[in-house]
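Here is the structure we will look at.
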Amino acid sequence: MFGRTLFSLSRRTTLAGQHVRFNSIAPLDASKLIIEKTTTPKLKLPKDELVFGKTFTDHMLEIEWNKSTGWGAPKISPYHNLSLDPSTIVFHYAFECFEGMKAYKDINGQIRTFRGDKNMVRMNQSAERIALPQFEGEELQKLIDHLLVLDKDFIPEGKGYSLYLRPTMIGTSASLGVGVPDKALLYVIASPVGPYYSSGFKPVSLEATDYAVRAWPGGVGDKKLGANYAPCVLPQLKAAERGFHQNLWLFGEESFITEVGTMNVFFVLRDSKTGKKELVTAPLDGTILEGVTRDSILELAREKLSKDEWIVNERKFTIHEIKDAAKQGNLIEAFGAGTAAVVSPIKNIGYKGEDINVPVVLGNSGELTAQVAEWIRKIQYGEEEYKNWSRVAKVSA
Ligand SMILES: *Cc1c(COP(=O)(O)O)cnc(C)c1O
């Protein structure tokens, strides 16, 4: 049977091969969902006591996969510990990938997710890179909708409040052999979160980091693999000891600016020749995580900013260019971009013992930073409809 599948895969075109592979074993199917409700509902924390990722909703979603039968029946059940053999492959060789997305309650009490289809695509790309199974994104989105509707009372209301969703996939084969996992678990947990900035923006100070590298060409920095994150914590600790909030990750001899902490990074520069303002971020060259927020900012900026005054660019740029721009008064503002904070203004960059001051003309952020935050917030909370970026969670009874 297995031999025949391989045979037909190798004889057909890629598309047909995909077809064979998806049909020979069970695809992810949201209609098979089994729901087991909690009998001991948790107390909900007051909104002002919410801490990112510390408390979770009453339920979680799980789907097991195995090589011979494919995706099993999805299950939503009370939040619980996992029980895994100590030899399980995820613990030894980091077969783990994850996503970060949010659900928001709009003013009509509807539950919305923001561009979750992008997270599904990205998660499949991450899974593929570490030989974990792929799944039908729309089916996982439907299952997430079910979880959201069931745990809707955990989604805090109000500006800046949301439910952080953490889709996760792990290899669960119990074996110390390094190889393709024959079992996996896809699960989703959800944590109520408050505004990243509870009383207005707080601009951060960065240490431009050249002694440690976050990602490199041919590596996996463009995938959301757990293995990418642990090695970045020590450099952050070191930066913190020197008084900086986060690392500005540089790459290569040229000291290209890539990302900040676990966010993409944008700069606004004035072009002294044309007088135009340039919004610039690093291109997706394999060393940059393809942020949904990054993509959203680029698209909205290209649509909304006046073409007479602005240029929006994805291009390589270095810390030296930023330093020179600052010296000439052409550095206008800078911010990090990611799901957790949407945007995070930058006020200072320490580089080789010197400080590059980044203007924050509004006091705690630059003008575009504040504007971008509003554009995205309005779409997330359904105050403005933009394309299909906001999905209302609905489940048929
Ligand atoms: C998740 C992540 C981002 C931001 O991605 P979003 O989809 O916007 O949340 C940026 N950089 C890194 C390294 C990340 O892990």
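More than 12 heavy-atom neighbours from other residues, nucleotides or ligands sit within 6.0 angstrom of NZ on K47. At most 12 non-hydrogen atoms from other residues, nucleotides or ligands lie less than 6.0 angstrom from NZ of K394. Other residues, nucleotides and ligands contribute over 12 non-hydrogen atoms within 6.0 Å of the CD atom of E49. Counting non-hydrogen atoms of neighbouring residues, nucleotides and ligands closer than 6.0 angstrom, the NZ atom of K118 reaches no more than 12 such neighbours. Atom NZ of K54 has 12 or fewer neighbouring heavy atoms from other residues, nucleotides or ligands inside a 6.0 Å radius. By the neighbour-count criterion of 12 heavy atoms within 6.0 Å, atom NZ of K276 is densely surrounded, having more than that number from other residues, nucleotides or ligands. Around the CD1 atom of I107, the shell of radius 6.0 Å holds no more than 12 heavy atoms that belong to other residues, nucleotides or ligands.
Looking at E314 and R294, a side-chain N of the basic residue comes within less than 4.0 Å of a carboxylate O on the acidic one, giving a salt bridge. Taking 4.0 Å as the cut-off between side-chain N and carboxylate O, R129 and D222 do not count as a salt-bridged pair. Remark: E321 engages R315 in a salt bridge, criterion side-chain N to carboxylate O under 4.0 Å. A salt bridge links K142 to E139: one of the charged nitrogens lies within less than 4.0 Å of a carboxylate oxygen. Electrostatic pairing of E299 and R302 does not count as a salt bridge here, judged by no charged N lying under 4.0 Å from a carboxylate O. Taking a cutoff of 4.0 Å between a charged side-chain nitrogen and a carboxylate oxygen, K75 and E36 qualify as a salt bridge. D117 and R391 are not joined by a salt bridge, as no carboxylate oxygen comes within less than 4.0 angstrom of a charged side-chain nitrogen.
Nearest approach of S205 to K347, heavy atoms of both residues: CB-CE, 4.1 Å. Residues N247 and A239 come closest through the heavy atom pair ND2-CB, 3.9 Å. The minimum heavy-atom distance between L148 and A103, with the atom names listed, is CD2-CB, 3.5 Å. Between P156 and L50 the shortest heavy-atom distance is CG-CD1, 3.9 Å. Scanning all heavy atoms of the two residues, the minimum distance from L289 to L284 falls at O-CD2, 4.4 Å. Taking every heavy atom of both residues into account, Y79 and T57 meet most closely at CB-O, 3.7 Å.
Each of V188, L186, L33 was scored for a side-chain contact (heavy atoms from CB on, under 4.5 Å) with I63, with one residue passing: L186. Applying the salt bridge (charged side-chain N to carboxylate O under 4.0 Å, His left out) test between R122 and each of E128, E99, E290 identifies E99 as the sole match. A side-chain hydrogen bond (donor to acceptor under 3.5 Å, both in side chains) with Y104 is found for one member of Q380, E157, K159, R112 and no other, namely Q380.
We find the CG-CD distance between L143 and E136 to be 11.5 Å, quoted to the nearest 0.5 Å. Here the CG atom belonging to D58 is positioned 5.5 Å from the CG atom belonging to D151, to the nearest 0.5 angstrom. Interatomic distance, T55 OG1 to L43 CG, rounded to the nearest 0.5 Å: 11.5 Å. L140 CG to L147 CG: the interatomic distance, rounded to the nearest 0.5 Å, is 10.0 Å. For the atom pair NZ of K223 and CG of N228, the computed distance is 10.0 Å after rounding to the nearest 0.5 Å. Annotation: the span from I346 atom CD1 to I322 atom CD1 amounts to 9.5 Å, rounded to 0.5 Å.
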Begin with the C-alpha distance, continue with both residues' side-chain angles, and end with the deciding distance and a verdict on side chain to side chain contact (heavy atoms under 4.5 Å, CB included) for T318 and E254. CA-CA 7 Å; T318 67; E254 299 89 342; 4.2 Å; yes
Working note: I297 + L279, criterion side chain to side chain contact (heavy atoms under 4.5 Å, CB included); need CA distance, chi angles, decisive distance, verdict. CA-CA 10 Å; I297 291 170; L279 175 64; 4.3 Å; yes
Criterion side chain to side chain contact (heavy atoms under 4.5 Å, CB included) on T113 and N119, from CA distance to verdict: CA-CA 11 Å; T113 48; N119 297 90; over 6 Å; no
Hey, mind stepping through K44 and D153 against salt bridge (Lys or Arg N to Asp or Glu O under 4.0 Å) and telling me if it holds? CA-CA 9 Å; K44 284 155 199 84; D153 293 344; 5.2 Å; no
In sequence, state the C-alpha distance, the side-chain angles, and the governing distance for I25 and T69, and then conclude on side chain to side chain contact (heavy atoms under 4.5 Å, CB included). CA-CA 5 Å; I25 54 169; T69 54; over 6 Å; no
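The closest donor-acceptor contact from the side chain of W71 to the backbone of E64 lies at 3.5 Å or more, if one exists at all. With hydrogens and angles disregarded, a donor-acceptor distance shorter than 3.5 Å links the side chain of T38 to the backbone of T40. Checking side-chain atoms of S173 against main-chain N and O of P181 turns up no donor-acceptor pair under 3.5 Å. Of the possible polar contacts, none joining the E207 side chain to the F244 backbone as a donor-acceptor pair under 3.5 Å is found. Without hydrogens or angle criteria, D210 side chain to L250 main chain gives no donor-acceptor distance under 3.5 Å. The closest donor-acceptor contact from the side chain of T258 to the backbone of W249 lies under 3.5 Å. Side chain of H80 to backbone of P78: a donor-acceptor contact under 3.5 angstrom is found. The backbone N or O of P86 lies less than 3.5 Å from a partner atom in the side chain of H92, making a donor-acceptor pair. Of the possible donor and acceptor atoms, one in the side chain of E333 sits under 3.5 Å from a partner among the backbone N and O of L368. No donor-acceptor distance shorter than 3.5 angstrom exists from the side chain of N364 to the backbone of G200, with no hydrogens or angles considered.
In this structure, the side chains of V342 and R377 stay at 4.5 Å or more apart for every pair of heavy atoms. Using a 4.5 Å heavy-atom threshold, the side chains of S344 and V204 count as touching. Looking at heavy atoms from C-beta onward, I349 lies in side-chain contact with V358 at the 4.5 angstrom threshold. In this structure, K102 and F114 have side chains that are not in contact, with every pair of non-hydrogen atoms separated by 4.5 Å or more. Residues Y386 and K378 are not in side-chain contact: their nearest non-hydrogen atoms beyond the backbone lie 4.5 Å or more apart. When side chains are defined from C-beta on, V395 counts as touching D145, because their heavy atoms get closer than 4.5 Å.
In this structure, Y381 is not a member of the same hydrophobic cluster as I155, with clusters built from ILVMFWY side-chain heavy atoms closer than 4.5 Å. Under the 4.5 Å side-chain heavy-atom criterion for Ile, Leu, Val, Met, Phe, Trp and Tyr, F317 and V268 are members of distinct hydrophobic clusters. A continuous path of ILVMFWY side-chain contacts below 4.5 Å connects F95 to M123, so both sit in one hydrophobic cluster. Note on L185: it does not cluster hydrophobically with L165, by side-chain heavy-atom contacts below 4.5 Å among ILVMFWY residues. Hydrophobic clustering (ILVMFWY, side-chain heavy atoms < 4.5 Å, transitive): M120 and L225 are in one cluster.
With Y351 as the aromatic partner, K323 does not meet the cation-pi criteria of under 6.0 angstrom to the ring centre and within 45 degrees of the ring axis.
Taking the ring centroids of F251 and F256, they lie at or beyond the 6.0 Å cut-off. Taking the six-membered ring wherever Trp is involved, the centroid distance between the rings of F201 and F335 does not fall below 6.0 Å.
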